[in-house]
Novice: 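One structure, pasted below without further comment.
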Amino acid sequence: MSVSNARPIGIFDSGMGGLTVMRALLARLPKERFIYLGDTARLPYGTKSGDTVTRYALQATAALMRHDVKLMVVACNTATAAALPALEEALAPTPVVGVIDPGAEAAVAAAPQGPIAVIATEGTVKGGAYRAAIRARAPEAPIAQQACPLFVPMAEEGLVDGEIAEAIAHRYLDPLLATVPKPKCLVLGCTHFPALKDVIARVAGNEVVLVDSAATTADAVAMLLAERNLASRSASGPHQFLVTDAPDRFARVGEIFLGQPIDPGNVELVDLQS
Ligand code: DGL
């Protein structure tokens, strides 16, 4: 094994939602070491302009590159939609994997002829990246989109089930599901939405397949590591977390997204603008 294979994989998100992607990566690639950066001081990205999100994403990934990462995962849908080409250019030759192509791939696999519905942040919906990625794979499939901005703070607050969560889910999803023809598949096009999966599934009903890009992103990363001969072959040290604000809160609430405890000792506060 070359020494470079022991280098960590960088994961970047606007906050802690990307931990749902890290969870899938940990399950798929147990021998890899990960370093995660959550830009918790500047969340949400979903309501900001593409230029601002691109600037933030460049700063965040530059901070991760200082930790000698061998591959970068852009776990944030909004940042992938706004900034993937800029990140690929800035980070070359380090490979960069976004979540939108794997999400589109999974959606088309679930409903090859559509109709496909996408729920995401305002920025992701407006940018049209999911629509383009699905169109490229299934040109005839009808596509409907809906921004669900409140799902982000709800997930962060742990308001993921019960009466209020259900009422808000109905408010967003009922018009989307009433489109003719009714969607066969619903893409959770935001890192935070898997935390609300149960309530979304209940409101959407049994006949709508929910697609979460986390697992397909992990597959794409595994494939790229193999292709470039970068896979680590021995179990590696503790995973690290960098945040731009509130490390204690990140360690506490992040557990919900990661599905396992986060040691506050492994969470470091960083300043991306210095
Ligand atoms: N991480 C963002 C995404 O996947 C959601 C949170 C935000 O708006 O920053 O789109």
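As the structure lists them, so they are numbered: ligands from 1, and atoms in each ligand from 1.
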Novice: Can I get a per-line list of side-chain donor-acceptor pairs under 3.5 Å for residues 200-214, giving both atom names and the distance, sequence neighbours left out?
Specialist:
from: Arg202; atom 1: NE; to: Glu166; atom 2: OE1; distance (Å): 3.3
from: Arg202; atom 1: NH2; to: Asp161; atom 2: OD1; distance (Å): 2.7
from: Arg202; atom 1: NH2; to: Glu166; atom 2: OE1; distance (Å): 3.0
from: Glu207; atom 1: OE2; to: Lys182; atom 2: NZ; distance (Å): 2.8
from: Asp212; atom 1: OD1; to: Ala214; atom 2: N; distance (Å): 2.9

Novice: Considering only heavy atoms from C-beta outward, does the side chain of Pro115 approach that of Lys184 to under 4.5 Å?
Specialist: yes
Novice: Between ligand 1 and the protein, which N/O pairs fall short of 3.5 Å?
Specialist:
from: ligand 1; atom 1: 1 (N); to: Asp13; atom 2: OD1; distance (Å): 2.8
from: ligand 1; atom 1: 1 (N); to: Ser14; atom 2: OG; distance (Å): 3.0
from: ligand 1; atom 1: 1 (N); to: Thr191; atom 2: OG1; distance (Å): 2.9
from: ligand 1; atom 1: 4 (O); to: Asn77; atom 2: N; distance (Å): 3.0
from: ligand 1; atom 1: 4 (O); to: Asn77; atom 2: ND2; distance (Å): 3.2
from: ligand 1; atom 1: 4 (O); to: Thr191; atom 2: N; distance (Å): 3.0
from: ligand 1; atom 1: 4 (O); to: Thr191; atom 2: OG1; distance (Å): 3.2
from: ligand 1; atom 1: 8 (O); to: Tyr45; atom 2: N; distance (Å): 3.3
from: ligand 1; atom 1: 8 (O); to: Gly46; atom 2: N; distance (Å): 2.8
from: ligand 1; atom 1: 9 (O); to: Ser14; atom 2: OG; distance (Å): 2.6
from: ligand 1; atom 1: 9 (O); to: Tyr45; atom 2: N; distance (Å): 2.7
from: ligand 1; atom 1: 10 (O); to: Thr78; atom 2: N; distance (Å): 3.1
from: ligand 1; atom 1: 10 (O); to: Thr78; atom 2: OG1; distance (Å): 2.5

Novice: Quick one: salt bridge (charged side-chain N to carboxylate O under 4.0 Å, His left out) partners of Glu227, sequence neighbours excluded?
Specialist: none
Novice: Under 6.0 Å between ring centres, would you say that holds for Tyr172 and Phe151?
Specialist: yes
Novice: Not counting sequence neighbours, which residues clear ring pair (Phe, Tyr, Trp, His ring centres under 6.0 Å) with Tyr130? List them please.
Specialist: none
Novice: Checking side-chain hydrogen bond (donor to acceptor under 3.5 Å, both in side chains) against Glu32, which of Arg7, Lys70, His239 comes through?
Specialist: Lys70
